[in-house]
Amino acid sequence: MERVASKEEVRQAVLAARREDKRIALVPTMGMLHEGHLSLVRAACGRADYIAVSIFVNPTQFGPGEDFETYPRDLERDMELLRAEGVDLVFTPTPAEMYAGDAHVTVAPGPLGELWEGAVRPGHFAGVCTVVCKLLNIVQPNLAFFGEKDFQQLVIIKRMVRDLDLSVRVESCPIIREPDGLALSSRNAYLSVDERRAATVLYRALRTAETLALGGESGAAVLAEAMRECIADEPLAALDYAAVVDPATLGPIGALDASARAIVAARLGSTRLIDNMQITRGA
Ligand code: AMP
């Protein structure tokens, strides 16, 4: 496994792999890897011959006052985990390597970037789209892997690839959870013992909506209200949003269709967590 920090070295390494007719996969991450990230790496290993993983805490997707400086980092441990998975290339650029000092051109996510996470974190998805577009241009993979954990991000990246005619296939992977349902996230490391216990409320809220839907409830507003009540019952959690939305447009729906997505965001102390689940209406 090779670790490189410059775009040029990535281009050279990938070029050599491509000359050997290898199918290239990219797994973009911000590091502090856990089983969720590794599930993407394993999916990539199953579909491609040359696996590149990027580890870059992207400053442009963090807003003022967010956790860019304190975001957990452990490159040595990450490298060990990736070596064990048989990854070929790890790209660990600095912000100065990624962005020219006077870089001003960005990728605009459009209206999807204004909803939900975008409403709470203005500019977040412009930062995400810009860095993902750059990573795709640097690595030029055949396939790129993203987790459903960040469902809105996944939807926006699929749109970006379609709307900008980027030459890559976006593959999505299911959410990996702790045994008690909490979705794995690098930010879970911030939680106190009490907050960690309370953090399962996001999963419980999603399961409440799922159970109601399977029982025949089809009103999206009813399901969303049940999720809000669930979060309100947890004193350590403060709700940002809970909704059941169209999985393609992330917009509101009246009644449950073939499938819908329940989405939730809440704060446990100073830690913001997000989660989501596919919701299907029962007979
Ligand atoms: P991050 O390092 O948080 O930017 O995440 C990198 C990639 O891993 C993104 O595509 C995430 O959606 C994905 N990911 C993070 N947590 C999980 C999880 N619990 N299950 C599946 N994928 C995840």
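One-based numbering, in listed order, for ligands and for the atoms of each.
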Going by the order shown, which atoms of ligand 1 are within less than 4.0 Å of some heavy atom of Leu40? 7 (C), 8 (O), 10 (O), 13 (C)

Test Asn276 against every option in Ile175, Val245, Leu154 by the side-chain contact (heavy atoms from CB on, under 4.5 Å) rule and name the one that passes. Ile175

Between Thr29, Val132, Asp150, flag the one that comes closest to atom 12 (O) of ligand 1 by a heavy atom. Asp150

Just to be sure I read this right, does ligand 1 sit under 4.0 Å from the backbone of Pro28, its side chain, both, or neither, counting only heavy atoms? backbone

Under 3.5 Å, is there a donor-acceptor pair between the Thr60 and Asn58 side chains? yes

Regarding Ser270 and Tyr190, do their side chains bring together a donor and an acceptor under 3.5 Å, going by distance alone? no

I'd like to know whether ligand 1 has His34 as a neighbour, heavy-atom separation below 4.0 Å. yes

What residue and atom, counting heavy atoms only, is the protein's closest point to atom 20 (N) of ligand 1, and at what distance? Ile176 N, 2.9 Å

Heavy atom of the protein closest to atom 1 (P) of ligand 1 (residue, atom name, distance): His37 NE2, 3.6 Å

Mark up the atoms of ligand 1 that fall under 4.0 Å of a heavy atom belonging to Leu184, in ascending order. 16 (N), 17 (C), 18 (C), 19 (N)

Among Met30, Lys149, Gln61, the residue with a heavy atom nearest to atom 23 (C) of ligand 1 is Lys149

Could you check whether Glu35 pairs with Arg42 (Lys NZ or Arg NE/NH1/NH2 to Asp/Glu carboxylate O, under 4.0 Å)? yes

Return yes or no for this condition: an N or O of Ser185 is under 3.5 Å from an N or O of ligand 1. no

Numbered atoms and elements of ligand 1 in range of Pro174, under 4.0 angstrom, heavy atoms: 20 (N), 21 (C)

What atoms in ligand 1 come closer than 4.0 Å to a heavy atom of Phe146? 10 (O)

Partner of Tyr50 by side-chain contact (heavy atoms from CB on, under 4.5 Å), out of Asn142, Val14, Val139: Val14

Ranked by distance from atom 22 (N) of ligand 1, the top protein heavy atom is Gly147 CA, 3.6 Å

Quick one about Glu9 and Ser6 (side-chain donor to acceptor, distance below 3.5 Å, no hydrogens or angles considered), yes or no? yes

Could you tell me, atom by atom, which parts of ligand 1 come under 4.0 Å of a heavy atom of Ile175? 20 (N), 21 (C)

Does Asp67 pair with Arg187 as a salt bridge, N-O distance under 4.0 Å? yes

Is ligand 1 under 4.0 Å from a heavy atom in the side chain of Cys173, in the backbone, in both, or in neither? neither

Look up atom CZ in Arg197 and atom CG in Asp180, then write down how far apart they are to the nearest 0.5 Å. 11.0 Å

With the threshold set at 4.0 Å, does a side-chain nitrogen-carboxylate oxygen contact exist between Glu171 and Arg47? yes

